[in-house]
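Proteins come first, then strands; the chains are lettered A, B, ... in the order of their sequence lines, and each starts at number 1.
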Amino acid sequence: MIAYNKSWLNNLRVLALFKAHLEQQRITDEEFKAITNAYRVGFYTTGFFARVGLAILTFVIVLFGDGLLSLMFWASGVVSAGGWLIFLGLLSYGALELMIHTKHHFRSGVDDALSFLSAAQVIAGFAILLYAGNENYLALSAIICLTTLFLTIRFLDTLTAAICVFSFFSVVFFGVEKIGSAGLAVIPFVMIIASALVYLAVMRIKNDIRLINYQHCLAATVVVCQLTFYAAGNYYIVQTLSDEINGVAKPIALAPFFWMWTFLIPLAYLGFGTKRKDILLIRISLLLIAAAALTFRTYYHILPVDLMLTLSGAIVLGLVYAITKYLKHPKHGFTLEEANEANLMDNLKIESLVVTQTFGHTQTPQNDGAKFGGGEFGGGGASDGF
Amino acid sequence: MGAEFYNDLHEKGLISDGSFARLNEPQMRPNLSVHWEIRTLLYIGVVLLTGGLGLAVYENIDTIGHTAVLTLIGLIAGGSFIYCFKTTKPFSWNKVSAPNAYFDYILLLGCISLVSFIGYWQYQYHIFGTDYGLATLIPMVALFFIAYYFDHLGILSMAIANLAVWMGLSVTPKALLLQNDFDKAILTNTYIVLATILLLAAFLTDRYRFKRHFKFSYQHYGVHTGYIALLAGYFHYYDEYIAAVYMLTLFLLSALLYTDAMKNKSFYFLLLLTLYTYFALSCLAMRALFRVGDEGALYLAFFYFIGSALGLIFLLIHFNKKLKTA
C-alpha cells in the first residue's frame, strides 16, 4: 500500500531514535556511525532549501510540459474537456510513482510537488465536470476527501492527511445541510460530535504497531479534529454560518452555550496540554485564546481599541514575567531552556527577519499533496481511514 | 523499539556494554521546552503594548500635547537603554548571548522608541530643518552602534533598513517588490550601490571576524536587493546596449556568490543564486525566441522551459551532493 520502501522507513525511525540518544549522550559518535551503516536508508532526501528549489522546478516542468501537450492536442478539441485535466493529473501521478520507484525520492521536493500537482489537477478536473450544471459542494468535498485519503495511505503525507480529515468534515457539514431546516439547527452539534468521534477513533488506533508509518499523519488528524471541535461551537462561526444559511441576520438559539464554548474550550485545551505535556495542544490553545478574544471583540466594544491593546499587551507581558519567574528552575517537566534540537533552518536567523517584517514573514508552503486513485476506497468514504 | 531491540543491537556488537547499560536505564522524560512559546508571547506583548500606546497618543494628541508625548517616548527609550547598559555582558567582537530572556525585547522597545522619538521630533519641530538626510542618518548610526554593542540581529536588520531609507529607499523585501517604482534609473542604481555596500559588509564581517554571525543578515539583504536591482536595470535599458552591462554584472555576482556559498556550505544562497540566474538566463532566451516570433518559437519556448528546469534539477541535486560530501 505504501509507495516508499518500508524497511527504509523503519531504518529512518531507528536512526531518529538513536540520534536522540546521541544528543543525550547515551551512545557515542562511533556507535551512531556503526548504526547508521547497519541501518542504511536509500531514499533521496534533501534539506529544506533544496526541497523548496526542487519543488519549484518540478512545478515549472509539469506546467510547461502540460502546456506543451495541450498545445499539441489543441486542434483535436480534447483540451477543453474536464477530462483533460484529469488525464494530466494521472500523468503527474505516473511521474510521481516513477520517481519514487526508480530514483527513490522521499520528501525531496520532487515527490511533494508531483503529488500536489496531480491531486490539484484531478480535483480541478472533477470540479469542472461537476460544475457544468450547478454547484455541488457535497460531491466536491467527497472527491477531495477520497483523493487525499488515497494519497495519504500511499504516500504518508501529513498535509494530505489534514486535508482529508477536513474535507471529511465538510462532507458531513454539507450532508447535514441538505436535510433542511432540522439539519440546519443541529449542524454545530453534529460537527462537534463528528470531531469528537474522529478524534476518539484516531486516539484508539494511534499506537497500533501496524500503523507505525502513519504516526505523523495521525498526529495531523488529531490537530484538525481539535481545531474543528472548537470552531464548530465558536460563537462567531455559528452566528455567521446561521446568517449565511438563513439569509438574514437573527439571534441564534442557545447563545449562552456557544459563548461558554468560545471561552472554555481554549482554557480546557491549555489545561490538558499542560497536563499531558503536549506542546502542540498548548500552541493551539494560545491561538484559540486569541480567537476567543477576537470573537468577543466583534460583538462587544466595551473598551476603546487603544486601551484594549495596551491592556492586553500588559497582561501578556505580566503573564510572561510570572511564567519566567516560576520556571526559573525547571519545574513539573517544563523548562525555559531552548530544546536541544538541530536548527533545521540552515542557520537562517529567522527571528531577525521577523522583526523587520513584523509578521510579514511568509512561510513557504509545504507542497505536499495528493493524487487520486480510482475507486479503491470508493465505498466507505473517509471513515475507512480511521 | 524497546529493550529487545537494544539487546539485539548489543549482541550484534553495534553498541558497547556501557552504552547498552545507559540505554536500559529508566529514561527520564526530558523537560518540555517552552522557550519559543515564551519568546513569541513576549514579542506579541511588546507589539500590543507599543501599538496600544501609539494609538492612544495618536488619538489624544490634542489633549496631551506634543511636549508631553515626546517626553514620554524619550523616557521609555532612555529607561530601556539605561537598563540595557547596566545589564549587558562585556562587549566582544564575537557572539555575546543576552544576559536574560527580556533583554532582547527591552532593547527592541528602546530602539523602536528611539526611532519614533527622533521621527516625531523632526515631524513636529523640524529640529533638522529640511535636512532629511541628517534626520535619517542619526537613527541609522545609533542603530548600527546598538546592534554591534549589544549584539542584536533584529536591530541590525532595522539598521540596514534605515541605511536604505537614508539612501532614499526602503529595503524590506516586500516593500521592494510592491511599492517601489523601478522605472527610475537613478533609484535602480542606488539600489545597486546599496547591495554592493551590504555584500562588502558581509565579506568584511567574515574576513575580519567582526561579529561573524552578522554576515548572514548583510548577505541576505544584499543578495536580494542586488539581483532585483540588476534585473530592474536590465529591463529599464532593455533596448539599449547598456542593458548588457547589467546582465554581465548579474552573472559576475552569481559567480562570486557561488564561490562564497560553496565555501560556507550554504544551500540557501546557492538556491537563491541558481534561481535568480535561471530567471535572468530565461529572460535572455525568451528575448531571442520572441525575435523569431512564429509558432515554432512558441514550441521551442515550451521545450526550453521543460529542458532547462530538468537540467536545473540535476544541477541542484549535484550541488546538494557536493555540499554534503565537501
*Classify the angle between the aromatic ring planes of B/Tyr83 and B/Phe103 as parallel (below 30°), tilted (30 to 60°) or perpendicular (above 60°).*
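The arrangement is tilted - the two ring planes meet at 30° to 60°.
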
At a 4.5 Å cut-off on heavy atoms, which part of [X] comes close to chain A: side chain, backbone, both, or neither?
X: B/Leu275; result: side chain
X: B/Leu271; result: side chain
X: B/Phe319; result: neither

Short side-chain donor-acceptor distance under 3.5 Å, [Y] and [X]:
X: B/Asp151; Y: B/His213; result: yes
X: B/Gln219; Y: B/Asp206; result: no
X: B/Tyr218; Y: B/Thr205; result: no

*Are B/Phe216 and B/Phe269 an aromatic pair by the rule of ring centers under 6.0 Å?*
yes

*Verify whether the ring centers belonging to A/His104 and A/Tyr44 lie closer than 6.0 Å.*
no

_Just so I understand: if I count every heavy-atom pair under 4.5 Å between each of A/Val60, A/Leu286, A/Leu68, A/Leu54 and chain B, which residue has the most?_
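So the answer, after comparing A/Val60, A/Leu286, A/Leu68, A/Leu54, is A/Leu68.
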
*Identify which of A/Leu311, A/Val316, A/Leu71 forms the greatest number of heavy-atom pairs closer than 4.5 Å to chain B.*
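Ranked by contacts with chain B, first place is A/Leu71.
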
*Using non-hydrogen atoms only, which part of A/Thr58 is less than 4.5 Å away from chain B: side chain, backbone, both, or neither?*
both

*Name the region of A/Phe32, side chain, backbone, both or neither, that has any atom closer than 4.5 Å to a heavy atom of chain B.*
neither

_So which residue, B/Ile317, B/Leu310, B/Leu156, ends up with the most heavy-atom pairs under 4.5 Å with chain A?_
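The residue among B/Ile317, B/Leu310, B/Leu156 with the greatest pair count is B/Ile317.
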
